[in-house]
Amino acid sequence: MSALPACPTCQSEYTYEDGGLYICPECAHEWSAQDTAAAVADEARVYRDSAGNVLQDGDTITVIKDLKLKGSSGVVKMGTKVKGIRLVDSDHDIDCKIDGFGQMSLKSEFVKKI
């Protein structure tokens with residue numbers, strides 16, 4: 001497996017380096033290593049809810065389906081409102097505090113932004 005980046009134009013994995021430039025043999029696109037580093041730095045993860053709305057820290061959301069809690073007989077009911085969410089880069093995208101349950105991690109696919 002190559003440590004060189006894939007071509008940003010055609011996504012070819014057969015790129016090669018020549019004099020500080022990356023070159024794609026399939027589409028003949030040339031780009032510099034600095035362009036690749038800047039693109040990776042600019043690329044930030046975007047969190048979206050079940051409807052495709054962009055989520056941000058501090059948003060208010062609702063749960064769209066009943067969620068069973070592991071290790072407990074409790075259930076977070078559909079329509080439960082959660083205020084002041086915090087987005088994290090983990091298996092579960094959202095850390096929040098739900099009244100009656102305490103600290104909880106949720107997946108963004110099971111919530112809707114209000």
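Just so it is clear, the structure is predicted and the values come from calculations on it, not from any experiment.
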- [ ] Take Arg45 and Leu87 through the side-chain contact (heavy atoms from CB on, under 4.5 Å) test and state the conclusion after the steps.
- [x] CA-CA 10 Å; Arg45 182 162 180 202; Leu87 300 173; over 6 Å; no
Open item on the list: Between Ser50 (side chain only) and Lys112 (backbone N and O only), is there a donor and an acceptor less than 3.5 Å apart?
Closed with: no
Open item on the list: Tell me whether Leu67 shares a hydrophobic cluster with Val75, the cluster being built from Ile, Leu, Val, Met, Phe, Trp, Tyr side chains joined at under 4.5 Å.
Closed with: no
Open item on the list: Please determine whether side-chain contact (heavy atoms from CB on, under 4.5 Å) holds for the pair Glu30 and Ile23, giving the CA-CA distance in whole Å, both sets of side-chain angles, and the decisive distance to 0.1 Å.
Closed with: CA-CA 5 Å; Glu30 297 180 0; Ile23 301 172; 3.9 Å; yes
Open item on the list: Contact between Cys10 and His29 at the side-chain level, heavy atoms closer than 4.5 Å - yes or no?
Closed with: no
Open item on the list: Do Phe101 and Ile64 land in one hydrophobic cluster if side-chain heavy atoms of ILVMFWY residues count as linked below 4.5 Å?
Closed with: no
Open item on the list: Rounded to the nearest 0.5 Å, what separates atom NE2 in His92 from atom OG in Ser108?
Closed with: 10.5 Å
Task: Closest contact, heavy atoms only, Trp31 versus Cys7 - done: CH2-CA, 3.5 Å
Open item on the list: Assigning hydrophobic clusters by single linkage (Ile, Leu, Val, Met, Phe, Trp, Tyr; side-chain heavy-atom cutoff under 4.5 Å), is Met78 placed with Val111?
Closed with: no
Open item on the list: So which atom in Ile98 and which in Met104 form the shortest heavy-atom distance, rounded to 0.1 Å?
Closed with: CD1-SD, 4.1 Å
TODO: Indicate yes or no for a side-chain donor-acceptor contact from Lys113 to the backbone of Val54 under 3.5 Å, with no hydrogens or angles considered.
DONE: yes
Open item on the list: Run Ser90 and Ser105 through side-chain contact (heavy atoms from CB on, under 4.5 Å) and show every step you take.
Closed with: CA-CA 10 Å; Ser90 179; Ser105 294; over 6 Å; no
Open item on the list: For Pro5, is there any backbone N or O sitting under 3.5 Å from a side-chain donor or acceptor partner on Thr15?
Closed with: yes
- [ ] Give a yes or no on whether Ile114 and Ile94 share a hydrophobic cluster (residues Ile, Leu, Val, Met, Phe, Trp, Tyr; joining criterion: side-chain heavy atoms under 4.5 Å apart).
- [x] no
- [ ] Measure across Cys96 and Ile85 and return the closest heavy-atom pair with its distance rounded to 0.1 Å.
- [x] CB-CG2, 4.3 Å
- [ ] Have a look at Ile61 and tell me which of Thr80, Leu55, Asp49, Asn53 forms a side-chain contact (heavy atoms from CB on, under 4.5 Å) with it.
- [x] Leu55
TODO: Check for a donor-acceptor pair, side chain of Tyr47 on one end and backbone N or O of Val88 on the other, with a separation under 3.5 Å.
DONE: yes
Open item on the list: I want to check something: taking the side chain as every heavy atom from C-beta on, are Lys83 and Thr60 in contact at a cut-off of under 4.5 Å?
Closed with: yes
